[in-house]
Chemist: 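I have a structure here, written as structure tokens, and I will follow up with some questions on it.
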Amino acid sequence: MQEAIISRAKQLLADGTVNRVIGWKRGEFAYDITPAIFESPEEIDADFVYDDFTSANVSKYLVKESRKEGKILAFLKTCDTYSLNQLTKEHRVDRDNIYVVGIPSDGKLDVEKIKAKGITGITGVERNGDILTVKTIYGDETMSVADAMSNKCLSCKSKKHVTYDELIGEDGEVTDTNRFDMVEKLENMTSQERYDFWRNELSKCIRCNACRNVCPACTCENCVFNNPDSGVENKAAADSFEENMFHIIRAFHVAGRCTDCGECSRVCPQNIPLHLLNRKFIKDINSLYGEYQAGADTTSKAPLNNYTFDDCEASIVHERGVE
Amino acid sequence: MQVNDNKEFQPLIVAFCCNWCSYAGADLSGTNRLNYPTNVKIIRVPCSCRVNPIFILRAFQRGADGVILCGCHPGDCHYTSGNYFTRRRMTLLFSMLDFLGIERDRTRVEWVSAAEGAKFAATMNEFTEAVKKLGPNRRLEDLRCRKQ
Amino acid sequence: MQKIGVFVCHCGTNIAATVDVKAVAEALSHESGVVISQDYQYMCSEAGQNLIKDAIRENGLTGVVVCSCSPRMHENTFRKAAAAAGLNPYLVEIANIREQCSWIHKDIATATEKAIILGRAAIAKVQLNTPLTAGESPVAKRALVIGGGIAGIQTALDIAEAGFEVDIVEKEATIGGKMAQIDKTFPTLDCAACILTPKMVEASQNEKITIHSYSEVSAVKGFIGNFTATIKKKRRFVDETKCTGCGACTEVCPMQKVPNAFNLGLNNRGAVYIPFAQAVPKVATIDPNYCLKLRKGDVNEKVCGKCAEACTAGAINYHQQDEYIEQKYGAIVVATGYNPIKLDKFDEFAYNQCADVVTSLELERLMNAAGPNGGTLLRPSDKTHPHKIVFVQCVGSRCDDSKGKPYCSKICCMYTAKHAMLIREKYPDTEVYVFYIDVRTPGKNFDEFYRRAVEQYNVHYIKGMVGKVTPKSDGKIDVQASDLLSNEQLHIDADMVVLATAIEPDKTARPLATMLTTQMDTNDFFTEAHAKLRPVESATAGIFLSGACQGPKDIPETVAQASAAASKAIGLLVKDSITCNPCVAHSNELMCNGCSACEKVCPYGAITYQDKEFRTPYRTTVMRRVASVNPAVCQGCGACTVACPSGAMDLNGFSNSQIMAEVDAICK
Amino acid sequence: MLKISIEKLNGLFKAVAEKQTLYIPADRADGASEYKKYEDGMTLSKNLNTLRSAKDFFFPQTENLADFKVEGKKIEVIDIREEAEDFVVFGVRACDARSFTILDKVFLSEPVDSYYKNRREHGTIVTMACAKPAETCFCGTFGIDPTEPEGDVSCWSDGDSIFFRPNNEKGQKFVDSVSELLEDGDTAKLDETKAQTKEIMAKLPLANLSTEAFGGDTLMEHFKSEKWAELSESCLGCGTCTFVCPTCQCYDIKDFNTGHGIKRFRCWDSCMYSDFTKMAHGNIRNSQLERFRQRFMHKLVYFPSNNNGEFGCVGCGRCLSKCPISMNIVKVMKALEVK
């Protein structure tokens, strides 16, 4: 796949369709891959990589890049196309300035999961079918690919690209996943259990803003949490309340806009399952206002900017589930 | 201090009321001398849709034990559609607070028209009682703001 | 540095009785920014306003907080006072310590504490108030009158007289309302029809007045000067423009067993009908619940159709559909009137069991020359002449349980005296008894009228309530009552019993009130803006009240209020524009993402976008899509402010920081 | 050397915890480890290092500095400082141990940060030598020997026992307090372990990373480098690298109005944030390029130039594994050293 992508990138640069390419650049180890912009075939040949660890969603970079001179080529995985569509819908990117090549992904690996197995000194990774061989300075280790699979890919919602100018490989279908299982499990807990669960998780938060800054829906010119005039500026969680406040409001601000790309949880240095907050909103929206997938199109009205006369009342929250 | 310890817990309730219906409804319960507890403090907003979830969280942060949002009945919004947006926003927000383990009975939305002075008073009585039962808000408070 | 003045009103004892106003003024004087804190008997009085004006001038105040009644009551008064003293009127905030404090609480200590907190919240808010300047919005030169009874007709005539277009919307097939059903009027005993029908005709002939009969108001949007109402013209299956009102159709209709609503079901009419001879508009209406053809469901089937055959004008249209009209209005007058209550809960009066127990309004029809018996008073059951009639007062009025109404219906004492007198005059052989709790006759010539009934016409007035009415097998009615003055139990063998039934607002009033966002009391009477000083206006600007929809009234009072409402509406309509609300949304372009969320929730289409060039550091520029709000179109609901994730959208007068400051002050 | 067998280690923890608060690295449900207050039954994590460094105990993410009591129009300043309680942080790695040298230079030089100093005086750092370094480790680059950790007490494990060596008076006091649990032990096996670790160190992928191209006198050359644009273009501007870093020491001071008073607190800040160094006139570093450059220039050039060649990095590798987009100091050093 990497070869096909590289050769297409070079063609599109050569024929002048685009003047730069956004993709991924290899790092020091097998897994530390950085999104990067390539301007020449030489740079591409030297550093362009597309493999099991290229999980970063590059669509958010297009907010800035698509406002620059000339067209940019973006290689987007299925989940990334939802993000781009949503950004297009909200006028945050200039879609005309982007040439999208949809690329397939059969799931990305998460090095944290490999490390969590106690594997250290990683120098290389080989994927053979379902088996993953991890080369380390302490010798080779094997584990199943599924165990090393990134959480966001384990609950992949769609193999279908929702926007592209061309595709490399076959396009897939929207998949039926179990992505709400954990939300449901939490819903079935008692209020105290849920409180304890989230207190344990959110108390880990170091307010590094990685979740916000990586989020393709969080593209505000000036985030309320950065703005001293907003009254809710919050640089550090000086109290558990501020941890809650930041995550509730952030989730609320992206409710109905979050495409469930899973980047927030992927980048959290404290491994807080932040995507569950977003999924809770998605699940509620789906069940209360009808199925809605943010980013699936560029025209539909977002659920929170919409209503019907017979929407349920807020008291529905009191009426369902365990106490 | 001893006296305070024996006193019944008095919750602080913040009520956001839309100017056209609910605030007028609250006025009407005053005009009709319909009692409700002093625990309830009303903040006037033009429309229930003016209420940002941030305001609600902020009230809890600062020591509120319950927050109630009152607006015109669906279909009667002075601005035609404001309360429909409110309804969705608050449904989702309250559901999220519930998801985080915040007691459900601390938040409420009630539609009170300008003619429903009695309903306003009854709602405030009920809500205050419900919050009283829950005791002080501890799950969504900011310890720094707790009164000594 | 802020210099805030706090003014605490006693409102006589309205506030001062439960709130220690001196303590409030004292406590608030210590709040940061407060330079003067005073209390006064009546802040809204001229002296009170002068106190504020002087304080503004002398202390160079930058903000004013008045702790008083609801801002819905006097916010404008105090804003004007501030403006007169050179302070921007929007630097005034009201702490509502009357409706929302002193009137609902009894304990002085807690009420005072709450008043202080409400004052603090207002001080916290006013610190963040900014001077605002109001724009202007045009006034649509047309009034809508809802209800076509004597109140609505009088209001419409007066407004039309002043030169403005008026639309009357009447839900029945004709205007005229209750007055058209009444026989004679007290205390002059002149014929109701003789004074009403000329007004109906006048209304129909006035060029400025459009009558939408058999119609309803189905939606109202907008605000003072700029309402848009949707009027639903219900299908009457008769083309109003073609129908001449000849009545040929009503004669040929084979379905003649329809209870005649105009005669309160005391006789029958056809499925196609004209309510009464002087109906306006004099147009037939087909009742689809009874019409043999329309009841079928499929009008194309060959059933009946006799009326269409009889109609030479070709006005019958079985295919007619409801029609919706949208119209802009500057003012709306509500004149929805009243109805007698249902007597289902009053079994003791046997109203449902015995045809000879009737309501007073039914008696009006029974005695009316155009009524079911041509004006001869006969028992509905056997059409015989009644020799003994018992009147029962306060049926459902002044009721202390939920069966009836807590209020006095006001008109019953007088019309019963009228009925008694008319019967004794026309049928001297008929004995008339009136059971009453009190006889209430305040009004010009009213007590004289009642005394005539007692003294001149020998009507038996008995203070006491009727306990039970029992129809007997011989057709007589046993009325069991107590005479409170002689302390005797009485049994009267009556031929007829007439119930002075309580009146209540029309059922359409409540949905209408919610549509108009006007206030109603617990009995569904519309609430006036001020019980004494603004009795014909609702608290919602641009909506006026006429007649019994605001409270029980007799005809002269109704007409007086109708004209008063008309003059208020005219006062509004003569203006070319009214000052608009400057509390509108605005977008901070530096923070705007251009995402369109605000536009999607704006009900007025007040938000537009443009690409704008912004300077960025290092002498570069960037084009960004940003929102802007049209302040003339924005109505200030604030929906956009919450839809905006970055907080670029904010609302004048109710800004994020102002509301949060209030929250903080309350939760302090 | 004094030692305790590994089986008895929990007994030692218990004894320490009875007298003062003890923090040890413990495993979390997600496989990562973090310092936790020792409680009975807790076991020492086998992970190489904790997610957050021991810096947090001396320079916490948020810290109250002073209170202001507001009554009406009067404001009263309340000094809330009080003597800290004694505490022990156990299991600090050599890299993190070195971070205190750097932090001390910042906080203990005039004007002394009394809050930091207070905690430093009352906290005992017990370090633990590394046996199994990770691919992200590059402490050697900064002259740190993971087999010879600094701290108040240094510890080693030979697989069977933990060896203790006090390095100063505070360390001696710690060892004395548990001396009845310790016994004299032979270090033959330990020396072997150390030698093995040193061998591994030489084989680490970043073993050859050098600071040669950096230091005070390279300032203008690096500042003007054209490579910053490319290096910084993917930076998200989050604070992850800063907040997991054991040596980052920037903070912001803010006032929080509690409704009945003001709390003045400080909290970590990140030079990667867009409002860092924002002042009344605006911001002196407006682009992410400048902010990004600032962070690495500070660690590699400015700090050594002001501190006798001491670099502002200890090579713990946290930022290498935690950066959401895997941009880090190693990539910066490698890019800049190429002329």
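From a predicted model like this one, the values you see are computed outputs, not experimental measurements. The figures that follow rest on heavy atoms only: side chains count, while hydrogens, waters and symmetry mates do not.
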Chemist: Distance only, no hydrogens: is a donor on one side chain within 3.5 Å (strictly under) of an acceptor on the other, for C:Glu93 and C:Asn129?
Modeler: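 There is such a pair (donor and acceptor under 3.5 Å, judged by atom type) between the side chains of C:Glu93 and C:Asn129.
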Chemist: Are A:Asn97 and A:Arg95 close enough that a side-chain donor and a side-chain acceptor fall under 3.5 Å?
Modeler: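 No, because no side-chain N or O of A:Asn97 sits under 3.5 Å from a partner of the opposite role on A:Arg95.
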Chemist: Heavy atoms only, distances under 4.5 angstrom: which of C:Val601, C:Asp650, C:Val622 has the most pairs with chain A? Name it, please.
Modeler: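 Going by pairs under 4.5 Å, I would pick C:Val601.
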Chemist: Examine whether an atom of C:Cys592 lies under 4.5 Å from a heavy atom of chain A, and if so say whether it belongs to the side chain, the backbone or both; otherwise answer neither.
Modeler: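 Just its backbone gets close to chain A.
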Chemist: Out of curiosity, A:Phe309 CZ to A:Asp311 CG, how far, rounded to the nearest 0.5 Å?
Modeler: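 Answer for the CZ-CG pair, A:Phe309 versus A:Asp311, is 10.0 Å.
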Chemist: Report the option among C:Met591, C:Lys600, C:Arg625 that has the most heavy-atom pairs separated by less than 4.5 Å from atoms of chain A.
Modeler: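 That would be C:Arg625.
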Chemist: Do the rings of A:Phe281 and A:Phe252 sit parallel, tilted or perpendicular, given the 30° and 60° boundaries?
Modeler: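 A:Phe281 vs A:Phe252 ring planes: perpendicular.
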Chemist: For A:Asn226, is it the side chain, the backbone, both or neither that has a heavy atom under 4.5 Å from a heavy atom of chain C?
Modeler: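 For A:Asn226, no heavy atom lies under 4.5 Å from chain C.
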